[in-house]
Amino acid sequence: GCDYGFRSFTIANGAVFRSCTFIWCNVAVACNLNTDGADRGIYFNNCYFEQNKTAIKPYIGKLLHINQCYFEANTEYIIDIFSDHPNTITNPIVVLENSLIDLYPSDLTSNKAVIRQTLASHDLTLTLVVKNNSIISHEVKPDYFAYVVVGNIAIQAENNIFDDPNNSFP
C-alpha cells in the first residue's frame with residue numbers, strides 16, 4: 001500500500017476526479033493539507049475507492065461533491081472532513097449522491113461512521129446532502145452515519161437504500 005493515492009498541499013479549487021481508482025492507501029485522496037485557504041469545490045465523479053483506511057480527507061472549504069462513486073472495504077472513514085484554520089467562516093457543503101457505499105470500518109474501535117467531521121469552530125455548520133445511495137453494512141455495524149467531533153451538522157437525506165434495514169444506523 002501507500003500513504004496517499006493523491007495528495008495536494010494547497011487548495012484544489014475546481015479539481016475534478018473522473019473515473020479514477022484509488023486502492024490500498026492509508027488515505028486515498030487528501031486535499032489542501034497545508035490549509036492554505038478554503039477550497040471552492042472538489043468533485044469526484046465515477047471514482048472507485050477500495051481497501052483504503054480513509055477514502056477522502058479534505059480540508060473543507062465550500063463544497064465537496066461526490067457523484068456515482070463506489071466505496072468498498074475502506075476500514076476507517078469514507079470521508080474525514082477537517083477544517084482547523086481559526087479564521088474559517090464558511091459553512092461547508094458536502095453532497096454524496098448516486099453512489100454505492102459498502103461499509104467496513106473494521107480499524108475503528110469506537111465512533112465508527114461513514115463521515116467524521118472536525119470543523120474549525122463550534123459555530124460552523126456543515127450541510128450534508130445524502131441522496132440516492134445504496135448503503136451496505138456487513139459484519140461491522142457503524143455507530144453513526146456522521147460522527148461530529150467539532151461543529152454542527154444539517155443533514156438532508158433522501159431515497160437512500162440499505163441492504164439490511166435492521167443493520168443500519170441508530
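- Between Gln51 and Asn74, the shortest heavy-atom contact is N-OD1, 3.9 Å.
- Scanning for salt bridge (Lys or Arg N to Asp or Glu O under 4.0 Å) contacts around Asp80 gives Lys57, Arg116, with sequence neighbours left out.
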Which pairs of donor and acceptor atoms, one on a side chain in residues 124-132, lie under 3.5 Å apart (sequence neighbours left out)?
residue	atom	partner	partner atom	Å
Asn132	OD1	Asn159	ND2	2.8

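- Listed by first then second residue, pairs satisfying salt bridge (charged side-chain N to carboxylate O under 4.0 Å, His left out) with a partner in residues 3-21 number zero, not counting sequence neighbours.
- Partners of Asp123 by salt bridge (Lys or Arg N to Asp or Glu O under 4.0 Å), not counting sequence neighbours: none found.
- Linking ILVMFWY residues whenever their side-chain heavy atoms come closer than 4.5 Å, directly or via other members, places Ile155 and Leu119 in the same cluster.
- Tyr104 is linked by a side-chain hydrogen bond (donor to acceptor under 3.5 Å, both in side chains) to nothing, counting only residues two or more places apart in sequence or in another chain.
- Contact between Ile60 and Pro92 at its shortest, heavy atoms only, is CG1-CB, 3.4 Å.
- For Lys53, the side-chain hydrogen bond (donor to acceptor under 3.5 Å, both in side chains) criterion is met by Asp107, not counting sequence neighbours.
- Applying the ring-ring contact (aromatic ring centres under 6.0 Å, His included) rule to Phe22 yields the partners Phe49; only residues at least two apart in sequence or on another chain are considered.
- Taking both residues in full, the closest heavy atoms of Ile78 and Ala55 are given as O-CB, 3.2 Å, listed atom of the first, atom of the second, then distance.
- Counting Ile, Leu, Val, Met, Phe, Trp and Tyr side chains that sit under 4.5 Å apart, directly or through other members, Tyr70 shares a hydrophobic cluster with Tyr48, Leu100, Ile136.
- Minimum heavy-atom separation, Gly5 to Cys2: N-SG, 4.0 Å.
- With sequence neighbours left out, Ser110 forms a side-chain hydrogen bond (donor to acceptor under 3.5 Å, both in side chains) with no residue at all.
- Contact annotation: the side chain of Asn111 approaches that of Tyr144 to within less than 4.5 Å [non-hydrogen atoms, C-beta and beyond].
- For the atom pair CD1 of Ile79 and CZ of Phe82, the computed distance is 13.5 Å after rounding to the nearest 0.5 Å.
- Atoms CZ and CG, from Phe71 and Asp102 in turn, are 11.5 Å apart once rounded to the nearest 0.5 Å.
- The ring-ring contact (aromatic ring centres under 6.0 Å, His included) search around Phe6 returns Phe17, not counting sequence neighbours.
- Within the 4.5 Å cutoff, the side chain of Ser99 has heavy atoms near those of the Ile66 side chain.
- Side chains of Ile135 and Leu103 form a contact here, defined as non-hydrogen atoms less than 4.5 Å apart.
- The closest side-chain heavy-atom distance from Cys31 to Val29 is below 4.5 Å.
- In this structure, Asn152 has no side-chain hydrogen bond (donor to acceptor under 3.5 Å, both in side chains) partners at least two apart in sequence or on a different chain.
- In this structure Gln68 satisfies the side chain to side chain contact (heavy atoms under 4.5 Å, CB included) test together with Asn98, sequence neighbours excluded.
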